Amino acid sequence: MIKLVRGFKDILPTETALWQYVEATGRELLEDFGFAELRIPILEKTELFARSIGAGTDIVEKEMYTFTDRKGDSLTLRPEATASVVRAYIEHKFYAKDPVCKLYTIGPMFRRERPQKGRYRQFYQINAEVFGLHDPRADAELIFLLMKFMNRLDLSGIVLHINSLGCLKCRPHFKDDLKTFLVNRSEQLCSDCLRRRDENPLRIFDCKVPTCKETMTDAPSILDRLCSKCRSHFNTVQDALNMSHIPYETNHRLVRGLDYYTRTTFEVLAGALGAQDAVAGGGRYDGLVKALGGPDQPGVGFAIGVDRLIELLAGQVQGLEKRAHLFIAALGDRAQDRAFQWVQDFRMQRFRTEMDLEDRSLKSQMRRADKLEASYVLIVGDRELDEGAAVLRNMTTKEQERVPLQGLVGFVVSRIKTTITGRNNEDRR
RNA sequence: GUGGGUGUAGCUCAGUAGGUAGAGCACCGGGUUGUGGCCCCGGCGGUCGAGGGUUCAAAUCCCUUCACUCACCCCA
């Protein structure tokens with residue numbers, strides 16, 4: 001038997017309703033906030049990711065699905081969306097029509113990591129990017145949108161962490177400070193962190209080794225070393241969040257793994273997820289558009305990990321409303337033929353309708369109707385055909401009534417519609 | 001890439017002094033000659049992850065390998 005590729009998964013019919021629900025509420029909210037959908041390809045030139053994410057990052061160094069195509073070009077399966085969105089923004093000159101541009105995209109990303117809970121080699125993201133706005137309130141607005149999305153899905157037990165990574169002027173100074181702090185603490189650091197000290201000292205904040213955590217408690221904080229512009233930018237973000245009543249924690253240890261971030265960064269964490277607890281993350285990337293050959297336009301964005309979100313929602317029992325539907329139990333050839341026509345007619349009336357195409361006993365047909373959770377069953381056999389009226393059974397109340405064969409479909413449709421009062425079944429179809 | 005745990009029916013799992021496999025659920029049918037859920041009865045269903053070895057005999061012991069899973073790492 002040929003099986004799934006390691007780290008990949010099928011999203012099964014029992015789960016897709018939840019996925020559709022999550023994606024639909026995401027779309028709805030994003031469009032209310034003025035975002036338009038952009039659909040980008042799954043494959044890009046390798047260079048795009050190397051230049052945007054950063055050649056030294058783990059993602060680029062060891063997690064990308066990269067291959068050479070038949071013409072010798074190096075292509076890779078996108079490990080994240082921002083690079084492609086920026087590429088499209090530049091390529092189609094969106095900035096020329098309107099300097100402010102809000103885009104979202106939904107789809108799969110690929111990273112070749114060792115799979116574990118909440119981490120797959122193909123995973124899905126909902127991605128939002130805002131271009132052309134320097135104002136810190138753009139950052140806050142994006143975070144606001146993100147948290148409203150979580151609210152709307154009724155997620156509990158999540159926390160928002162925010163930080164500022166400074167800009168190209170103040171971050172280098174901080175890195176130097178950090179290096180001098182670490183210079184005579186080699187014994188307290190794990191082997192990984194010793195390596196990081198030279199390559200990317202900020203990452204040491206992320207280490208979970210107890211001794212590293214211990215030594216880092218005394219380490220200088222980036223938030224104390226921000227230049228005045230970054231300082232006031234970060235203050236304004238916080239003020240705006242406070243005004244919007246969005247709870248958050250500032251976390252000067254929040255470091256992100258992509259090189260392009262500047263100033264504001266944020267993450268949404270959910271303890272219930274286990275080790276892979278980041279449901280969403282993002283930040284500002286003011287130099288990226290220019291670095292990729294575009295105009296000097298700023299950007300802010302976030303990515304939501306849909307797989308992890310779904311995992312959280314599946315843990316919090318929540319029934320998605322099901323549409324009422326009909327089952328036709330037909331007995332004998334004559335009735336089966338009639339029923340076959342009716343089934344199609346009901347479906348054309350936007351009624352989910354099923355019947356049993358094998359001529360089985362009424363008992364087994366009723367069992368099937370029950371298993372399919374039909375709210376009504378229409379029973380018709382030779383007897384009903386002769387008498388000119390079928391039997392309509394309400395499966396919840398067990399009430400049965402006779403319905404004339406003439407104009408049967410219209411009659412049953414209006415019957416069911418009027419019986420189901422309240423609820424929003426009406427506007428669902 | 002490194003470590004731990006686990007692989008027996010579609011699903012959840014029993015099954016060690018080695019003797020060629022069981023339960024519950026699910027599925028199909030019957031009990032009700034035309035009425036679902038509960039109950040009862042019957043049926044279907046397994047290369048015991050794969051390969052090799054020891055043995056008269058291996059799900060069980062040994063070796064190898066693969067997969068899944070959790071954690072490190074990293075991130076959504």
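This one's a predicted model, so the numbers in the text were calculated from it and none came from an experiment. The sequence lines fix the lettering, A, B, ..., with proteins before strands; numbering per chain opens at 1. These values consider heavy atoms only, across backbone and side chains, with no hydrogens, waters or symmetry-generated copies.
Across all strands, Ala280(A) comes closer than 4.0 Å only to sugar-phosphate atoms, never to a base (heavy-atom distances). Counting non-hydrogen atoms under 4.0 angstrom, Glu80(A) reaches nothing in the nucleic acid. Heavy atoms of Gly118(A) sit under 4.0 angstrom from at least one base atom. Residue Lys117(A) is in sugar-phosphate contact alone, with no base atom involved, counting any heavy-atom pair closer than 4.0 Å across all strands shown. At the heavy-atom level, Lys371(A) lies under 4.0 Å from the strands shown only through sugar-phosphate atoms. Nucleic acid contact for Glu358(A): none, since no nucleic acid atom lies under 4.0 Å from a heavy atom of the residue. Residue Thr57(A) is classed as having no contact, given no heavy-atom separation below 4.0 Å to the nucleic acid.
Nearest to the side chain of Arg114(A), among rU69(B), rG30(B), rA76(B), sits rU69(B). Comparing atom distances between the Arg383(A) side chain and each of rG34(B), rA76(B), rG36(B) picks out rG34(B) as nearest. Checking rG29(B), rA76(B), rG36(B) against every side-chain atom of Ala278(A), the shortest atom distance belongs to rA76(B).
Dashed line: the shortest gap from a side-chain N or O of Gln116(A) to OP1 or OP2 of rA71(B) is under 4.0 Å. Under 4.0 angstrom from either OP1 or OP2 of rA76(B) there lies no side-chain N or O belonging to Gln276(A).
With hydrogens and angles ignored, a donor-acceptor pair closer than 3.5 Å exists between the side chain of Gln400(A) and the base of rU35(B). You'll find a donor-acceptor pair under 3.5 Å spanning the side chain of Arg119(A) and the base of rC73(B), going by distance alone. Residue-to-nucleotide contacts include a donor-acceptor pair under 3.5 Å from the side chain of Lys398(A) to the base of rG37(B).
A gap of 14 Å separates the C1' atoms of rA26(B) and rG43(B), to the nearest Å.
A cation-pi geometry, defined here as NZ or CZ lying under 6.0 Å from the six-membered ring centre and within 45° of its normal, holds between Arg185(A) and Phe181(A).
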How is the base pairing of RNA chain B summarised as a dot-bracket string, given the Watson-Crick and G-U wobble criteria with both distances under 3.5 Å, [ ] for crossing and | for another strand? (((((((..((((.....[..)))).(((((.......))))).....(((((..]....))))))))))))....
